[in-house]
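Everything on this sheet refers to the single structure shown next.
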Amino acid sequence: MPRPSLTDRLAQRTAERAQAQLLRRLRTIEHAEGPWLESDGRRLLSFCSNDYLGLAQHPQLIAALKRVADDEGVGSGSAHLICGHRAEHAALEEALAEWTGRERALLFSTGYMANLGVMQALLQDGDVCVQDKLNHACLLDGAQLAGAELKRYPHADVAAAARQLASRSEAAALLATDGVFSMDGDIAPLRELASLCRREGATFMVDDAHGLGVLGDDGAGSLSALALGQREVPVLMATLGKALGCHGAFVAGSAALIDGLLQSARTYIYTTAMPPALAAAALTAVRVAREEDWRREKLTSLIARFREGAEQLGLPLMPSPTAIQPLLLGEAQTALDGAQALEAQGFLVGAIRPPTVPQGKARLRITLSAAHEEEHVDRLLEALSGLVSATPV
């Protein structure tokens, strides 16, 4: 019998996705200007970006990137542990640690690599990793790649998480959760989970990719907003490519944690360091995010305006207090049709379908930014009113 072809099998899975209206398609953006994007010659008002504070095109960030690129060039040329760790990286790590109230911080090239690296360094065969069912894919992948037993609890169900930990009371345990859930926009029960981990002797890890910059008095994230420090949450991961408008990620925690990651996190050790110019831009973004409170205030006001308008229109919004405002439509084709109808009216909104979300819970993932104006929100609400009134949910 001939050996099966891996590429033929992949092509078959792709064809099946296409048949089920679940095919992902790549869109090229030719130009970006604030919340406006140009694609295929059309100017679209975007409500699908994670640039929550509108910093991606901030002139101070651009100036910092240009200045260091002029001085140091583009690429770092090496991994951090060889000769790629520059002064810009060190300054950014110090600023991130101070901002988040941790002893040290360590930069990674992406959030995905950060979570894989942390879990591979912390976990081993025989350990247990307990996670929320709606966690980001990289947290799930990290536990599985580390060889630990992955146990998932129903979304935000602290009692169920406790039962999962109790079922392996003899094992070393890591409980990991998103701080802000990327597809639902709600915030994890962080205080309760921290208390659970303290009682059970489990290590608590929070991925705050969508909380950093947005939540907390100075934008230090969901943990800062709840006054949860390094003792309560020993492992914090967050990204630089969302509210901070740059690229990359970091892990923050104790000096012992960071020293251990330096020795053992393969996704840190065996990859090229981010460009120093990008680290300089991110350092500027940290300062701007902390100092310009009006960005968080404006975003909060826009979220309230959108939710109030959506409630008046009877739109099926999910309960989210953050910049991520999902409009639940149910079937994948309904969400896809909705996104296409909005695009025809000049809006770019993401249709999120299985397997990213569960079957029957396809949605439009609407994201708000401090770069938006009230007029933009009102125009979107008007378009959504016509869309949902014509769409049975």
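Along the sequence shown, residues are numbered consecutively beginning with 1. Everything quoted here is computed from the prediction, not taken from an experiment.
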Asp208 and Ser222 side chains, donor-acceptor separation under 3.5 Å: yes
With a 4.5 Å limit on heavy-atom distance, are the side chains of Glu88 and Leu283 in contact? no
Return the CG to CG distance between Leu45 and Leu37, rounded to the nearest 0.5 Å. 8.5 Å
Main-chain N/O of Leu302 paired with Glu374 side-chain donor or acceptor, under 3.5 Å: no
Under a 3.5 Å distance rule, please check whether Asn135 uses its side chain to pair with a backbone N or O of Ala176 as donor and acceptor. yes
With side chains defined as the heavy atoms from C-beta onward, is the minimum distance between Arg379 and Leu381 less than 4.5 Å? no
So with a 6.0 Å cut-off around CD of Gln340, is the heavy-atom count from everything else above 12? yes
Donor on one side chain, acceptor on other, Arg287 and Gln60, under 3.5 Å: yes
4.5 Å side-chain heavy-atom contact, Ile352 and Leu364: no
Does the side chain of His136 pick up a donor-acceptor pair with the side chain of Tyr112 at under 3.5 Å? no
Val288 versus Leu53: any side-chain heavy-atom pair under 4.5 Å? no
Within a strict 4.5 Å, meaning less than it, do heavy atoms of the Glu343 and Arg42 side chains meet? yes
Test item: Thr239 side-chain N/O and Gly111 main-chain N/O as donor-acceptor pair under 3.5 Å: no
Can Glu72 and Arg86 be counted as an ion pair, charged N to O under 4.0 angstrom? yes
Can you tell if the side chain of Phe204 reaches within under 4.5 Å of the side chain of Leu190, non-hydrogen atoms only? yes
Closer than 4.0 angstrom, basic N to acidic O: yes or no for Arg307 and Glu311? no
Under 4.0 Å between a Lys/Arg side-chain N and an Asp/Glu carboxylate O for Asp378 and Arg305? yes
I'd like to know if Lys298 pairs up with Glu373 as an ion pair, taking the criterion as any Lys NZ or Arg NE/NH1/NH2 lying under 4.0 Å from an Asp or Glu carboxylate oxygen. yes
Would you say CD of Glu170 has more than 12 non-hydrogen atoms from neighbouring residues, nucleotides or ligands within 6.0 angstrom? yes
Side chains of residues 260-277: which donor-acceptor pairs under 3.5 Å do they make with residues two or more places apart or in other chains?
unit_1 : atom_1 : unit_2 : atom_2 : d
Thr267 : OG1    : Met113 : O      : 2.6
Thr267 : OG1    : Gly117 : N      : 3.3

Take Asp157 and Lys133 through the salt bridge (Lys or Arg N to Asp or Glu O under 4.0 Å) test and state the conclusion after the steps. CA-CA 10 Å; Asp157 189 335; Lys133 278 196 172 182; over 6 Å; no
If hydrophobic clusters are built by linking Ile, Leu, Val, Met, Phe, Trp and Tyr wherever their side-chain heavy atoms come under 4.5 Å apart, do Val357 and Phe181 end up in the same one? no
Determine whether the side chains of Asp337 and Gln333 contain a donor N or O and an acceptor N or O closer than 3.5 Å. yes
Report yes if the side chains of Thr100 and Phe250 come closer than 4.5 Å at any heavy-atom pair, otherwise no. yes
Would you call Glu16 and Arg13 a salt bridge, using N to O less than 4.0 angstrom? no
Geometric class of the Phe47/His372 ring pair [parallel <30°, tilted 30-60°, perpendicular >60°]: parallel
CG of Leu106 to CG of Leu257, rounded to nearest 0.5 Å, is 8.5 Å
Tightest non-hydrogen contact, residues Glu103 and Ala255, listed as OE1-N, 2.8 Å
Distance-only side-chain donor-acceptor flag, Asp184 / His155, under 3.5 Å: no
Given side chains that start at C-beta, do those of Thr356 and Arg365 come closer than 4.5 Å, heavy atoms only? no
Considering only NZ, NE, NH1 and NH2 on the basic side and carboxylate oxygens on the acidic side, decide whether Asp70 and Arg67 come within less than 4.0 Å. no
Nearest-0.5 Å distance that lies between atom CG in Leu226 and atom CZ in Arg191: 4.5 Å
Has Gln325 got a side-chain atom pairing as donor or acceptor with Leu368's backbone, closer than 3.5 angstrom? no
ILVMFWY cluster, Leu174 and Tyr153 together (side-chain gap under 4.5 Å): no
Exam field: side chain Gln57 to backbone Ala32, donor-acceptor pair closer than 3.5 Å: yes
Charged N-O contact under 4.0 Å between Arg168 and Glu149: yes
